[in-house]
Amino acid sequence: FVRGLWLILLELVILRGFGWQFNFDYRVTMLTVLWALGWAMILLSVLVYLPTWAVTVVGVVLIATHNLFDRVQPAQLGALAPLWNILHAPGVILNHPSHLVFVAYTLVPWVGVTAAGYGLAQVFGWDCERRQAFLLRLGIALTVTFVILRAVNVYGDPLPWSKQKSSLFTVLSFLNTNKYPPSLLYLLMTLGPGLILLRTFDGKSSGLLRPALMFGKVPLFYFMLHVVLIHLLAVLVCHVRYGEAHWMFESNRLDQFPITQPPDWPVDLPVVYLIWVFVVLALYPLCRWFAGVKRRRKDWWLSYL
């Protein structure tokens, strides 16, 4: 419960103000990943009083059935429209001349993923061979279920796929599932292969995987720092390219959140990947240092970073 409140606070104050926009005018507020995870943890703090199997069932049911309500539009619910935006359909919940609040990450599917993950965590108490076999079978089952449901093209995602001008674009249409909110097919498509990779990496802690483990030991610390570092890099690039960087501190339009884009701002995808690699490498020493701090010290507040 407390961790959930902490994540929401980080989203609304630190990430929203300093991280994404370097201002605290709250002209445009986008409720994203930490907001959703925070509420998911708060609700999980209630669910944990149920048997583990029951928590898992709740999670699976939420994941599997929430797309049944895709046709329900917030406007149909009148005064309850903002609540539906928060639970299921991304949208604006406050539209004032000075302030706008948009829910990007809805709660129902992410609460489902959190509850199902709570159940999945129990397998890590099993012996290695049994655990790896289970992860592999479950990963394959989810992936195959995605392919079958997507091929049928009837349920599981509000965006049906269609034949395109070429085979490549048809495959891309097949894979183009909805993330906001995450549809059943999106979650099957990502969690299935993710479980297969988890089985592949299970028990391996040497070689190329060791740096990845370091990031995994301090995920929130890395997440918060990477947002700030990327924004700082954007400010630097603006000064070099334009001689000014006021765009990096403005937040006056929802369609350009988190910044007002300068002229010719979008860069090619290879450049984006280069920036991503630089940010990951640049933050590795800090993450390694903080992981060492958490290993050596047992202060209660360290578990919240």
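Both backbone and side-chain heavy atoms feed into the values below; hydrogens, waters and symmetry mates do not.
- Environment of CZ in Arg288: sparse, with no more than 12 heavy atoms of neighbouring residues, nucleotides or ligands closer than 6.0 Å.
- In this structure, the separation between CE on Met189 and CG on Asn176 is 8.5 Å, given to the nearest 0.5 Å.
- The two residues Ala104 and Met30 come nearest to each other via the heavy atoms CB-SD, 3.8 Å.
- From Phe257, atom CZ reaches atom CZ of Arg27 across 13.5 Å, with rounding to the nearest 0.5 Å.
- In terms of modelled atom types and a separation under 3.5 Å, the side chain of Asp268 and the main chain of Pro270 share no donor-acceptor contact.
- Screening Trp161, Tyr186, Phe174 against Phe146 for a ring pair (Phe, Tyr, Trp, His ring centres under 6.0 Å) leaves a single residue, Phe174.
- A donor-acceptor contact shorter than 3.5 Å links the side chain of Asp127 to the backbone of Arg130.
- Side-chain contact check for Phe69 versus Trp84: some heavy-atom pair is nearer than 4.5 Å.
- Within the 3.5 Å criterion, the main-chain N or O of Pro160 finds no donor-acceptor partner in the side chain of Asn153.
- Residues Phe18 and Phe24 keep their aromatic ring centres 6.0 Å or farther apart.
- Other residues, nucleotides and ligands contribute over 12 non-hydrogen atoms within 6.0 Å of the CH2 atom of Trp126.
- The main-chain N or O of Pro109 is never found under 3.5 Å from a side-chain atom of His66 such that the two would form a donor-acceptor pair.
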Applying side-chain contact (heavy atoms from CB on, under 4.5 Å) to Leu5 and Met41, what does each step give before you reach the verdict? CA-CA 9 Å; Leu5 291 178; Met41 286 195 171; over 6 Å; no
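- Nearest heavy-atom pair across Asn67 and Leu184 is OD1-N, 2.8 Å.
- The number of heavy atoms from other shown groups lying within 6.0 Å of CZ (Phe278) does not exceed 12.
- For the residue pair Asp157 and Ser183, a side-chain donor N or O sits within less than 3.5 Å of a side-chain acceptor on the partner.
- Cluster membership for Ile230 and Val240, using ILVMFWY side-chain heavy atoms within less than 4.5 angstrom, is not shared.
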Which is it for Val123 and Leu138 under the side-chain contact (heavy atoms from CB on, under 4.5 Å) test, yes or no, and what are the steps along the way? CA-CA 12 Å; Val123 308; Leu138 181 58; over 6 Å; no
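- With rounding to the nearest 0.5 angstrom, the CD1 atom of Ile8 is 10.0 Å from the CG atom of Leu34.
- For Glu244, the CD atom is densely surrounded, since the number of other residues' heavy atoms within 6.0 Å is greater than 12.
- Applying the 6.0 Å contact sphere to CH2 of Trp39 captures no more than 12 heavy atoms from other residues, nucleotides or ligands.
- Judged by distance alone, the side chain of Ser173 and the main-chain N or O of Phe169 form no donor-acceptor pair under 3.5 Å.
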Checking side-chain contact (heavy atoms from CB on, under 4.5 Å) for the pair Tyr26/Val101: CA distance, chi angles, key distance, verdict? CA-CA 9 Å; Tyr26 286 90; Val101 179; over 6 Å; no
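- Considering all non-hydrogen atoms of both residues, His231 and Met248 come closest at NE2-O, 2.7 Å.
- When all heavy atoms of Gln122 and Thr52 are compared, the closest pair comes out as CG-CG2, 3.4 Å.
- Linking ILVMFWY side-chain heavy atoms closer than 4.5 Å, directly or via other members, places Met224 and Leu281 in a single hydrophobic cluster.
- Hydrophobic clustering (side-chain heavy atoms under 4.5 Å, transitive across Ile, Leu, Val, Met, Phe, Trp, Tyr) keeps Val55 apart from Val57.
- Annotation: side chain of Phe223 is in contact with side chain of Leu15 (closest heavy-atom distance under 4.5 Å).
- Put simply, CG on Leu107 and CG on Leu37 are 10.0 Å apart, with the number rounded to the nearest 0.5 Å.
- By the 4.5 Å heavy-atom criterion applied to side chains, Tyr304 and Leu220 are not counted as neighbours.
- Both Val277 and Leu225 belong to a single network of hydrophobic side chains, linked directly or stepwise wherever heavy atoms of I, L, V, M, F, W or Y lie under 4.5 Å apart.
- For Phe124, the CZ atom counts as densely surrounded, since its 6.0 Å shell holds more than 12 non-hydrogen atoms of other residues, nucleotides or ligands.
- Of the inter-residue distances, the one linking Leu62 atom CG with Leu187 atom CG reads 11.0 Å to the nearest 0.5 angstrom.
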Would you sort out whether Arg297 and Leu302 count as a side-chain contact (heavy atoms from CB on, under 4.5 Å), showing the intermediate values? CA-CA 8 Å; Arg297 300 179 56 173; Leu302 286 172; 3.9 Å; yes
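- Closest of all the heavy-atom pairs between His226 and Val279 is CB-CG1, 4.0 Å.
- Ile259 places none of its side-chain heavy atoms less than 4.5 Å from the side chain of Phe22.
- Residues Ile196 and Ile140 have side chains in contact (heavy-atom distance under 4.5 Å, counting atoms from C-beta outward).
- To the nearest 0.5 angstrom, Arg137 atom CZ is 12.5 Å from Leu195 atom CG.
- Inter-residue side-chain proximity for Tyr222 and Val280 is flagged as met; some heavy-atom pair is nearer than 4.5 Å.
- Between Asn85 and Val92, every side-chain heavy-atom pair lies at or beyond the 4.5 Å cut-off.
- In terms of heavy atoms, Thr29 sits closest to Arg16 at OG1-NE, 3.5 Å.
- A donor-acceptor pair under 3.5 Å links the side-chain atoms of Gln164 to the main chain of Ser162, judged by distance alone.
- Residues Leu47 and Thr114 fail the side-chain proximity criterion, which asks for heavy atoms closer than 4.5 Å.
- In the hydrophobic clustering of ILVMFWY residues, with side-chain heavy atoms under 4.5 Å counting as a link, Trp276 and Leu274 come out apart.
- Two rings, from His239 and Tyr242, have their centers 6.0 Å or more apart.
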